[in-house]
Amino acid sequence: MPYDPATSEPRWQAAWDEAGSFRAVRDERPKYYVLEMFPYPSGRIHMGHVRNYTMGDVVARFKRAQGFSVLHPMGWDAFGMPAENAAMESGGHPRDWTYANIATMKEQLKPLGLSLDWSREFATCDDDYVAQQQALFLDMLEAGLVTRKQATVNWDPVDMTVLANEQVIDGKGWRSNAPVERRELTQWFFRISDYSDELLEALDGLEGWPEKVRLMQANWIGRSRGLQFRFDTVGAPEGFETIEVYTTRPDTLLGANFVAISPDHPLAKKLAEGDPRLIAFAEEARKTGTSEEAIETGEKLGLDTGLKVRHPLDPSWELPVWVANFVLMDYGTGALFGSPGHDQRDHDFSRKYGLPIRATFGELGMDTAAADALVADGPFVPPKTDRVTYVRGFAGPTEMTGGDAVDHAIAFAEKQGWGEGVTKYRLRDWGISRQRYWGCPIPVVHCHACGTVPEARERLPVLLPLDVSFDRAGNPLDRHPTWAATTCPRCGADARRETDTMDTFVDSSWYYARFTAPHAATPTDPAEADYWMNVDQYIGGIEHAILHLLYSRFFARAMVKTGHLPESASEPFDALFTQGMVTHEIYLTRDERGRPVYHLPESVTDGRLADGTAVEVIPSAKMSKSKKNVVDPVDIVTRLGADTARWFMLSDSPPERDVEWTAAGAEAANRFLARVWRLADEAKEGGDDPELIRAAHRAIAEVTKTIEGFAFNRAVAKIYELANTVSRSNAGGEARREVLRIMARLMAPMVPHLAEEVWAKAGGEGLVVDAPWPEADPALLADDDVTLPVQVNGKRRGEVRVPKTMSPAEIEAMVLADDSVGRFLDGRTPKKVVVVPGRIVNVVV
RNA sequence: GCGGGCGUGGUGGAACGGUAGACACAAGCGACUUAAAAUCGCUAGGGCUGAGCCCGUGCGGGUUCGAGUCCCGCCGCCCGCACCA
């Protein structure tokens, strides 16, 4: 009988279903919660999903076999812009579009045979999830975790709508193509910046997280120690006697050559009143998008206001005040001083506008002239830990590190009373207001008499109206004829609902907690949360390293504060793994104008189209519909089976790196699985093979270790080795079946359907999904002799085989007596012999 | 621009600071077959007058008995930059 996943895979899935194998239950076993980042229901699953969920499934099944009670749920991150865009483009309703997509994707996911507890499934757009999230919001409001303030948004003046950063392309609206403007709106915020210090400090405890993610978060939070002080202005309008600035490099104060303020700074607005040049400049400056990227990469522009400030260290020294487009009102004080000798941006700006550039410090031992020469063409920015010579220092010794110089400068300013040392954070409060329809309504009412009033709990949930249209731009909630009309929960007078909905990051900031009790009438059930939290292993893309994970860490703390999670769940994810993308070659030809024409993988054979035209190949590109380099998992599963797709996703590439999908690789994975199937199918007669059983136990040890270390590609390689050993072995009968049963259990987390087949054929009892993980017998792993490579001056020249127990001195004597080593000594006496027991011998001459 | 990461044969990759290239793909050769597919076996980093030697982990330096691995400086690619999810 040939290997036929199309018939066997559904059979085993039905068997698991019937046995309720993946229902998460609280019992006497230790619990293990494995979670993969839930998908956005875009319409179809893609290979990235297959990879992500296969990895999670390997962990879930492995832990299950190791005797854990496993929680492995699935849901849908279902609010968001694409649903509204679809409604705008092809009519229909975002809700229908979303639920239809969920149905399709669930259909597509099921045949993968993932060990998911589908009874816990939910979508964040479910009325119930909305209700619980609104309850959470009200709790957070009461707990003082919510605030309202002004924020800057991208405004499309033609479509009269707020744009997301990704909808701003080169400073223009994606649909209208009109230049985008920055606008101030009053918005709802979560006070995440109150937790800056805690979120930073707690990173140290996240030992199960990749170091790079912890570093990125630390840099994002951006704690800095600096000096805050005021420049006295000369002849400024009344009320602007000083300009407040914050700097992390007060040690460079004597290199200052200008002060720059934001176009939105109150002083800039005041000065603009009588100055058309300034008005025009500010208008132009506001035409950059709001993203930091756009501002930092855009051209740095400035305008001299003509106003001067006095240098705090020398009142006779006056610095010009410029308005600059790269200074944002949202950051710090909205004003800064330029230090061109030691900052790239200030250097560029100074060169562009012909401002003098002076060094504050130079390399050790430099004098003033040498230091000035050093920074003439580019800034000198050594690490703050390097010792440098201050040629224009004003506090502390001449030679010191930048870090020490900052401390001296702060102490000096404080002593003289013109500035204060301040700790600041880069992290800003989390703006959650969205002027969009397809999101969770913010449960708040605006009353003429009472102001902003939380919605009454008994009137929750505030659900979205269904009778909306998307034929016009703008927020359908805002223009709905009746929806916003309500009464004030406090005074009963006519009032208007908040029409902003929540950022979808809110939805994904607590779904992991909801999975512990998805049907509870409160956001969580304390007993369930207490049992299942924390997530033992979280798996998802590195692109979420900062925002989603930081927001989730904040939200967990907010849920602890509001009594929805136990204190121990403040850090919700014990371990994090970030997996790479699935890529595929892009095939293209050129049209008569040289523009690329993309071709689907299935229309390309051996680098040519059906008509023989050769195609250009771009390797390892992110899968994207527009580039036509997308492989549909459904096709693969239909043609080759779920196990093949899973096996291929796990082989070859390390999970944290990108993997390239190749048809040849998929075929090869399928061939291997068919070979394993045949190995199990042939009932070979024969005797024992001690080497085979040793190989099997070595494989147990290796596969266990590699799965634990998330090195699935190496686990796969070990299973290949074991299969090769089985093929070559003459063992038969029960001796062979025993090894096949070991192999079935080792493969079960990765290719669970085939593993059931092998298990059954090899006489395994019950389902392999219920079989305990095999344990390696230490007696079978030991090897008495080792082969030691022998180097002469670091180059490998031979090897010796010695008993493991041999002493270094004996090994040294043996090596020196060895001919193959002697040849390279040329009669010279070894200066030194390095013997690393069990590893290597190096003879130095 | 700023922050983070990655870079090893034709390809994906393996390698506690200790034999670079495990395992696989593609390729070539052979067996089986009327033939092909499938399957099985063998070869395989590059170079040189084959057992041997030299060179080789993006580039340039450094530390070390020994560096793909650690340090410094470049180059290239990827991720993030707060309203994509």
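Computed from heavy atoms alone, side chains included, the values below leave out hydrogens, waters and symmetry copies.
For the residue pair A:Tyr129 / A:Trp510, a side-chain donor-acceptor distance below 3.5 Å is found, with atom types taken as modelled.
For the pair A:Ile45 CD1 and B:rA85 P, the computed distance is 21 Å after rounding to whole Å. A straight line from OH of A:Tyr720 to P of B:rA22 spans 15 Å, rounded to a whole angstrom. If you measure from atom CG of A:Asn724 to atom C1' of B:rU39, you get 14 Å, rounded to the nearest angstrom. Taking atom CZ on A:Phe190 and atom C1' on B:rA82, their separation rounds to 15 Å, with Å as the unit. Spacing between atom CE of A:Met502 and atom P of B:rA85 amounts to 15 Å, rounded to whole angstrom units. For the pair A:Trp647 CH2 and B:rC25 P, the interatomic distance rounds to 12 Å; values are reported in whole Å. Going from atom OH of A:Tyr511 over to atom C1' of B:rA85 covers 12 Å, rounded to whole Å. Rounded to a whole Å, the CG atom of A:Asn842 is 9 Å from the P atom of B:rA67.
Under the Watson-Crick and G-U wobble criteria, each requiring two contacts below 3.5 Å, nucleotide B:rG1 is paired to B:rC81. Pairing partner, B:rA36: none, since no Watson-Crick or wobble contact has both distances short of 3.5 Å. Here B:rC25 sits opposite B:rG10 as a Watson-Crick or G-U wobble pair (both hydrogen-bonding atom distances under 3.5 Å).
Listed candidates were B:rC40, B:rA85, B:rC25. Nearest to the side chain of A:Ala668 is B:rC25. When the nucleotides B:rA22, B:rC84, B:rA82 are ranked by their closest atom to the side chain of A:Ser291, B:rA82 comes out on top. Closest to the side chain of A:Phe505, out of B:rA85, B:rC84, B:rG13, is B:rA85. Nearest nucleotide to the side chain of A:Lys795, out of B:rG13, B:rC55, B:rC16: B:rC55. Comparing B:rA22, B:rA85, B:rU19 by their nearest atom to the side chain of A:Asp77 picks out B:rA85. When distances run from any side-chain atom of A:Arg714 to the nucleotides B:rA85, B:rA82, B:rA14, the shortest one goes to B:rA14. Taking every side-chain heavy atom of A:Arg671 into account, B:rA26 is the closest of B:rG18, B:rA26, B:rA82.
Contacts of A:Val841 with the nucleic acid, taken as non-hydrogen atoms under 4.0 Å apart, are absent. Contact annotation for A:Gly580: no contact, since no heavy-atom pair falls under 4.0 Å across all strands. No contact: A:Val790 has no heavy atom under 4.0 Å from any strand. When heavy atoms are screened at a 4.0 angstrom cut-off, A:Gln791 is found touching base atoms of the nucleic acid. Counting non-hydrogen atoms under 4.0 angstrom, A:His548 reaches nothing in the nucleic acid. A:Ile719 comes within 4.0 angstrom of no nucleic acid atom, judged by non-hydrogen atoms across all strands. Within the 4.0 angstrom heavy-atom criterion, no nucleotide atom of any strand lies near A:Ser42. Residue contacts for A:Arg426: at a heavy-atom cut-off of 4.0 Å it reaches a base atom on one of the strands shown. Looking at heavy-atom distances under 4.0 Å, A:Asp658 makes contact with sugar-phosphate atoms alone, never a base. Residue A:Glu211 is out of contact with every strand shown, counting any heavy-atom pair closer than 4.0 Å. At the heavy-atom level, A:Pro39 lies nowhere under 4.0 Å from the strands shown.
As rounded to the nearest Å, B:rG7 and B:rA14 have C1' atoms that lie 16 Å from one another. Rounded to the nearest Å, the gap between the P atom of B:rG61 and that of B:rC55 is 15 Å. Between B:rU33 and B:rA44, the distance separating the two P atoms is 28 Å to the nearest Å. Comparing B:rU34 with B:rC25, their P atoms sit 28 Å apart, to the nearest whole Å. B:rG56 and B:rG21 have their C1' atoms separated by 11 Å, given to the nearest Å. Taking the C1' atoms as reference points, B:rA31 lies 15 Å from B:rA37, given to the whole Å. Taking atom P on both nucleotides, B:rG47 is separated from B:rU11 by 15 Å, rounded to a whole Å. When the P atom is compared between B:rA26 and B:rC40, the two are found 13 Å apart, to the nearest whole Å.
When each of A:Arg797, A:Arg796, A:Arg801 is tested with A:Glu799 by the rule side chain to side chain donor-acceptor pair (under 3.5 Å), just one qualifies, namely A:Arg796.
Residues A:Glu799 and A:Asp652 each lie close to RNA chain B; by heavy-atom proximity, the contact nearer the 5' end of the strand is made by A:Asp652. Taking the nucleotide of RNA chain B with the nearest heavy atom to each of A:Gly80 and A:Ala717, the more 5' of the two is matched to A:Ala717.
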Check against side chain to side chain donor-acceptor pair (under 3.5 Å), A:Arg553 and A:Gln217:
CA-CA 11 Å; A:Arg553 295 180 59 219; A:Gln217 292 218 349; 2.8 Å; yes
- Item | Pair A:Gln150-A:Thr186, side chain to side chain donor-acceptor pair (under 3.5 Å): steps then yes or no | CA-CA 4 Å; A:Gln150 294 278 110; A:Thr186 303; 2.9 Å; yes
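Look at A:Lys212 and A:Glu656 and you find no salt bridge, because none of the NZ, NE, NH1 or NH2 atoms lies under 4.0 Å from a carboxylate O. One finds no salt bridge joining A:Arg698 and A:Glu721 here, because no Lys/Arg side-chain nitrogen approaches an Asp/Glu carboxylate oxygen to under 4.0 Å.
Taking the six-membered ring where the residue is Trp, A:Tyr40 and A:Trp97 present tilted rings, their angle falling between 30° and 60°. Using cut-offs of 30° and 60° on the angle between ring planes, the pair A:Tyr511 and A:His548 is tilted.
Regarding contacts with the backbone of B:rA82, a side-chain N or O of A:Asn165 is found under 4.0 angstrom from either OP1 or OP2. Put simply, A:Asn713 has a side-chain N or O that comes within less than 4.0 Å of OP1 or OP2 on B:rA14. For A:Arg839, no side-chain nitrogen or oxygen approaches OP1 or OP2 of B:rG17 to under 4.0 Å. Residue A:Ser653 has no polar side-chain atom (N or O) positioned under 4.0 Å from OP1 or OP2 of B:rG12.
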B/S/- along nucleotides 1-9 of chain B (protein heavy atoms under 4.0 Å) is B-SSS-S--
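Taking CD1 of A:Ile636 as the reference point, atom CZ of A:Arg646 lies at 15.5 Å (rounded to 0.5 Å). Put simply, CG on A:Asp478 and OG1 on A:Thr161 are 10.0 Å apart, with the number rounded to the nearest 0.5 Å.
The neighbour count for A:Lys705 NZ, taken as heavy atoms of other residues, nucleotides or ligands under 6.0 Å away, does not exceed 12.
Glycosidic conformation, B:rA82: anti, with the torsion outside 90° of 0. Anti is the conformation of B:rG60, whose glycosidic angle sits further than 90° from 0.
Side-chain contact check for A:Trp430 versus A:Asp503: some heavy-atom pair is nearer than 4.5 Å.
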